[in-house]
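To start, the structure itself, in structure tokens.
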Amino acid sequence: MRKVIFMSFLLSSCYYHNNVAPKTPNGWSYLPLEIGNSWDFQPLGGSPEASIHREVVDILNRQTDGYTYYLLVTTSNARPPALPIRPDSAFYRIDDNGYVYILRKYQTTSLDNRFRLNANDGGTWTYPVDDHSTAKITVATESLKIGNTQVSNCKSYYYDVVNWADEENTIVLAPGIGFVKEYSDAWCFGQILKTAKIHGQVYNF
């Protein structure tokens, strides 16, 4: 089933497989991308039975811009009456400045610049989300407790579109691990990391 889904997505989006990993600048450990890296989350609010899995599953070239991307797929086991996370595929690439560009499956041309891995505490930037709206990202550096582990120097990215309602959310990245917390500031629920597998090493929280 996974292979069928991937192939239909790739053909419609003009991607082709690339067995060579793109060069990632040294120091961008806040988002470690390698095939097989994965993150398993448990819910904050919402259904306590739900679990969310995200994994880097492929490396692909995008014909329209010539760049190489990592394909990340997120799935959830949630069932009604819980609020499920739909299976979601997104392409990620990191440029030489540590800017992360994300193309999601419902997008055709525009790229999200949700993360800047070298951004300083208090840093802000904007990028268009459609013809009429602009997202603003604000970064904060913080320490985050995950289970019994205190993780220092995390970067929290707060997302807000001024003329939209209830879309505000925060994603937290940790050095050497990547995704550790995702939270809807508008709806007061989200997910926090339980287990990660990064470059073959397993981290339990």
Side-chain angles (χ1 to χ4, degrees), residues 1-41 52-76 85-119 123 125-131 133-135 137 139 155 157 159 161 169 171-180 182 193 195-203:
M1 177 62 73
R2 175 180 289 181
K3 185 175 293 186
V4 172
I5 294 172
F6 286 170
M7 286 306 297
S8 63
F9 181 28
L10 301 181
L11 290 173
S12 64
S13 304
C14 298
Y15 290 83
Y16 60 92
H17 292 274
N18 185 344
N19 292 325
V20 179
K23 292 182 180 179
T24 301
N26 292 330
W28 304 146
S29 66
Y30 279 90
L31 191 57
L33 298 179
E34 177 181 281
I35 290 179
N37 284 3
S38 63
W39 301 263
D40 288 283
F41 302 89
I52 300 95
H53 178 79
R54 179 172 300 143
E55 185 171 348
V56 183
V57 300
D58 211 344
I59 302 170
L60 304 158
N61 280 357
R62 185 175 180 229
Q63 295 180 0
T64 53
D65 63 14
Y67 288 113
T68 302
Y69 291 78
Y70 287 93
L71 175 59
L72 279 68
V73 175
T74 302
T75 56
S76 171
I85 293 179
R86 296 173 294 177
D88 183 49
S89 302
F91 296 99
Y92 284 67
R93 72 175 175 88
I94 305 173
D95 73 7
D96 290 339
N97 296 312
Y99 290 13
V100 180
Y101 294 97
I102 306 169
L103 185 70
R104 304 187 188 281
K105 63 182 180 182
Y106 54 80
Q107 295 172 305
T108 55
T109 56
S110 61
L111 292 166
D112 291 353
N113 180 207
R114 177 63 188 262
F115 308 116
R116 295 185 180 181
L117 304 182
N118 58 346
W125 64 91
T126 61
Y127 63 87
V129 292
D130 59 33
D131 292 338
S133 306
T134 299
I137 306 297
V139 180
K155 290 190 177 183
Y157 296 82
Y159 173 97
V161 180
N169 65 85
I171 298 177
V172 184
L173 304 180
I177 298 174
F179 306 103
V180 290
E182 303 177 3
L193 189 66
T195 303
K197 182 181 179 182
I198 307 297
H199 307 315
Q201 182 172 348
V202 176
Y203 300 87

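In terms of heavy-atom proximity, Lys155 sits nearest to Leu117 at NZ-O, 2.6 Å. In this structure, Thr126 and Thr134 approach most closely via the heavy-atom pair CB-CG2, 3.5 Å. Between Leu72 and Trp39, the closest heavy-atom pair is CD2-CZ3, 4.4 Å. Of all non-hydrogen atoms in Ile198 and Gly176, the two that sit nearest each other are CG2-O, 3.7 Å.
With sequence neighbours excluded, the residues that form a side-chain contact (heavy atoms from CB on, under 4.5 Å) with Ala119 are Arg116, Trp125, Val139. Partners of Asp65 according to the salt bridge (charged side-chain N to carboxylate O under 4.0 Å, His left out) rule, which considers only residues two or more places apart in sequence or in another chain, are Arg62. Residues meeting the side chain to side chain donor-acceptor pair (under 3.5 Å) test with Ser133, sequence neighbours left out: Asp130, Asn163, Trp164. Applying the ring pair (Phe, Tyr, Trp, His ring centres under 6.0 Å) test to Phe115 and every residue at least two apart in sequence or in another chain returns Tyr157.
In this structure, Arg114 CZ and Asn169 CG are separated by 4.5 Å, a value rounded to the nearest 0.5 Å. With rounding to the nearest 0.5 angstrom, the CD1 atom of Ile59 is 4.0 Å from the CD1 atom of Ile35. Atom CG of Asp95 sits about 8.0 Å away from atom CG of Asn113, to the nearest 0.5 Å. Taken from CG in Leu31 to CD1 in Ile177, the straight-line distance is 12.5 Å, to the nearest 0.5 Å. Of the inter-residue distances, the one linking Tyr30 atom OH with Leu173 atom CG reads 9.0 Å to the nearest 0.5 angstrom.
You'll find the side chain of Val73 stays beyond 4.5 Å of the side chain of Glu55, heavy atoms only. When side chains are defined from C-beta on, Tyr92 counts as touching Val100, because their heavy atoms get closer than 4.5 Å.
The aromatic rings of Tyr99 and Tyr101 lie tilted to each other, with the angle between the two planes from 30° to 60°. Using a 30° and 60° split on the angle between ring planes, Phe91 and Tyr69 fall in the perpendicular class, above 60°.
Here the rule is side chain to side chain donor-acceptor pair (under 3.5 Å) with Arg54, and of Thr74, Asn37, Asp40 only Thr74 fits it.
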